[in-house]
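We use all heavy atoms of the structure for the numbers below, so side chains are in, but hydrogens, waters and symmetry mates are not. What you are looking at is a predicted structure, and each value in this text was computed from that prediction instead of being measured.
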Amino acid sequence: MQRLIPVLNSDHVPLHLISVINTLLTAAKEISHRLHQGSLAGTLGSTLDENIQGETQKKLDIVSNQLIKTMLLETNLVHAVASEEEDDVVMGNPDARYLVAFDPLDGSSNIDINSSVGTIFSILEKPKHPAEGKELFLQTGDEQVAAGYILYGPSTMLVLTTGQGVRAYTLDHRVGEFLLTVDKLTIPEETQEFAINMSNQRFWAKPMQAYIQDLLAGTEGKRQKNFNMRWNAAMVSDVHRVLSRSGIFAYPADCRDENKPCKLRLLYEANPMSFIVEQAGGKASTGYERIMSLQPTEIHQRVSVIMGSRQEVNTCLSYYKSIECERLDG
Ligand code: AFP
């Protein structure tokens, strides 16, 4: 097993980028500690506040957001941060090169049931053209220079890409370091497992309804094989399972609320996870276009997500190509 810094150095990753990633990891170690303390740390439960997305904030959402934001800005290496829990971007050093978008605690409704949650981050560079505030972050996923997530599960893991494949690290609590445990993470092309919130089935567009129907039909249907289903309700742990043993993860657009057809956020969830999935040989799409090619129009934008094993995603997308219907995500 190797340490994080030598591994990154060997990939010719700029030193300042390594420092930004290491700062995120220092914050993650503290979040991991507090999560493992559970009720003992007094940070479980909700606040009376809602975030900009209208979602109830957990106390640990706030703590994690504050921790990551403050630590990143203190490095002086970060020009601005954008967080799922902040209304607006927060400016840092005007001369710094990096922009960090993050979801401090993804799947936070799992905290109170002692189940897995995660931190997701996406690192961009200041654009070459003049841009201020939110505009800084309106870059396609292809512009990301690094993306990763920390999964707080039975063990705390970092999964990271700097555009040269995907590596996984496990936090060794005895030495307080993330140690390399998987050198080249790749997603098998085929799968027999899917992850989707089935309770939304009646609200999906026709292509997703038809695709899932065929998976459920198993050996008796046109797919002629049985599929297993898993749903942890935290994107980090659901996508981590897909990366670990294959699968397809989807949170498609639905018609529950016409003002909010999609749940997952482009900048904080979909883009970084798509970068990781593509670097691991998988595929990520909205159903109609590649997620990382989308031009964001606002920082808290939401998007339809279908990602995972390449062949299975292609099969799912074939339903979107062949079944005509109105797009629910506009
Ligand atoms: P929270 O962070 O509000 O718990 O939401 C988690 C999430 O954005 C994503 O991580 C999950 O995949 C998805 O929502 C779960 O959604 P359901 O509540 O529909 O299961």
Side-chain angles (χ1 to χ4, degrees), residues 3-5 19-53 55-75 77-78 81-87 90 92 100-123 146-160 168-181 232-241 264-265 268-269 272-273 276:
R3 286 188 165 211
L4 176 61
I5 290 180
S19 298
V20 172
I21 295 169
N22 276 328
T23 304
L24 285 159
L25 298 187
T26 307
K29 287 176 206 168
E30 178 61 27
I31 296 169
S32 173
H33 170 71
R34 294 195 189 203
L35 283 165
H36 283 107
Q37 288 289 97
S39 301
L40 301 175
T43 39
L44 300 192
S46 301
T47 65
L48 295 176
D49 296 328
E50 284 186 348
N51 66 11
I52 179 79
Q53 341 253 344
E55 298 154 339
T56 308
Q57 288 178 304
K58 296 281 176 192
K59 286 185 204 160
L60 265 173
D61 277 330
I62 314 270
V63 171
S64 308
N65 181 55
Q66 205 56 35
L67 203 60
I68 296 173
K69 178 178 72 173
T70 311
M71 290 181 78
L72 283 173
L73 296 177
E74 276 175 0
T75 61
L77 299 173
V78 173
V81 297
S83 161
E84 191 197 304
E85 302 297 341
E86 299 278 340
D87 297 2
V90 184
V100 186
F102 60 90
D103 180 351
L105 217 46
D106 176 68
S108 55
S109 47
N110 277 355
I111 297 172
D112 293 342
I113 56 162
N114 197 14
S115 197
S116 297
V117 291
T119 296
I120 311 175
F121 60 89
S122 160
I123 306 180
Y149 62 78
I150 295 103
L151 169 63
Y152 310 102
S155 60
T156 296
M157 289 189 73
L158 161 72
V159 172
L160 176 70
Y169 305 81
T170 304
L171 178 60
D172 185 336
H173 289 281
R174 290 168 310 177
V175 293
E177 291 281 359
F178 282 91
L179 304 181
L180 181 69
T181 39
N232 287 354
M235 187 186 194
V236 169
S237 62
D238 280 313
V239 173
H240 186 73
R241 186 184 53 257
L264 302 183
R265 299 77 170 174
Y268 318 115
E269 292 168 317
M273 290 311 220
I276 294 165

Open item on the list: Please enumerate all residues that pass salt bridge (Lys or Arg N to Asp or Glu O under 4.0 Å) together with Glu30, with sequence neighbours excluded.
Closed with: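 Partners of Glu30 by the salt bridge (Lys or Arg N to Asp or Glu O under 4.0 Å) criterion, ordered by chain and then number, come out as Arg34.
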- [ ] Please assess Tyr169 against Glu177 for the test side-chain contact (heavy atoms from CB on, under 4.5 Å), listing each intermediate value before the final yes or no.
- [x] CA-CA 9 Å; Tyr169 305 81; Glu177 291 281 359; over 6 Å; no
TODO: Flag the pair Lys59 / Ile62 as yes when at least one side-chain heavy-atom distance between them is below 4.5 Å, and no otherwise.
DONE: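 Of all side-chain heavy-atom pairs linking Ile62 with Lys59, none is under 4.5 Å.
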Task: Flag side-chain contact, heavy atom, 4.5 Å: Val239 against Val159 - done: no
Closest heavy-atom contact between [X] and [Y]?
X	Y	value
Ser32	Thr156	OG-OG1, 2.9 Å
Gly107	Val117	O-CG1, 3.1 Å
Ile31	Ser64	CD1-CB, 3.6 Å
His36	Gly153	NE2-O, 3.7 Å

TODO: State which residues pass side-chain contact (heavy atoms from CB on, under 4.5 Å) with Ala234; sequence neighbours excluded, sorted by chain then number.
DONE: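 Ala234: side-chain contact (heavy atoms from CB on, under 4.5 Å) contacts with Asp106, Asn110, Ser237.
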Task: Partner set under side-chain contact (heavy atoms from CB on, under 4.5 Å) for Glu74, not counting sequence neighbours - done: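 Listed in chain order: Thr70.
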Open item on the list: I'd like to know if the side chain of Thr23 reaches the main chain of Ser19, judged simply by a donor and an acceptor atom lying under 3.5 Å from each other, with no hydrogens or angles considered.
Closed with: yes
Task: Criterion side-chain contact (heavy atoms from CB on, under 4.5 Å) on Met235 and Asp103, from CA distance to verdict - done: CA-CA 11 Å; Met235 187 186 194; Asp103 180 351; over 6 Å; no
- [ ] Let me see the working for Val81 and Phe121 under side-chain contact (heavy atoms from CB on, under 4.5 Å), right down to the final yes or no.
- [x] CA-CA 10 Å; Val81 297; Phe121 60 89; over 6 Å; no
Distance (rounded to the nearest 0.5 Å) between [X] [atom1] and [Y] [atom2]:
X	Y	atom1	atom2	result
Asn65	Thr119	CG	OG1	10.0 Å
Lys69	Glu85	NZ	CD	11.0 Å
Leu60	Leu105	CG	CG	6.0 Å
Leu158	Leu25	CG	CG	5.5 Å
Met157	Leu179	CE	CG	11.0 Å
Tyr152	Leu171	OH	CG	9.5 Å

TODO: Go through the structure and list residues passing ring-ring contact (aromatic ring centres under 6.0 Å, His included) with His33, not counting sequence neighbours.
DONE: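 Partners of His33 by the ring-ring contact (aromatic ring centres under 6.0 Å, His included) criterion come out as none, since no residue qualifies.
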Task: For Tyr149, ring-ring contact (aromatic ring centres under 6.0 Å, His included) partners two or more places apart - done: His240
TODO: For Thr170, check side-chain hydrogen bond (donor to acceptor under 3.5 Å, both in side chains) against everything at least two apart and list the hits.
DONE: Thr181
Open item on the list: Using the rule given for side-chain contact (heavy atoms from CB on, under 4.5 Å), can you reason through Val236 versus Ile120, listing the C-alpha separation, both sets of side-chain angles and the distance that settles it, and then say yes or no?
Closed with: CA-CA 8 Å; Val236 169; Ile120 311 175; 3.4 Å; yes
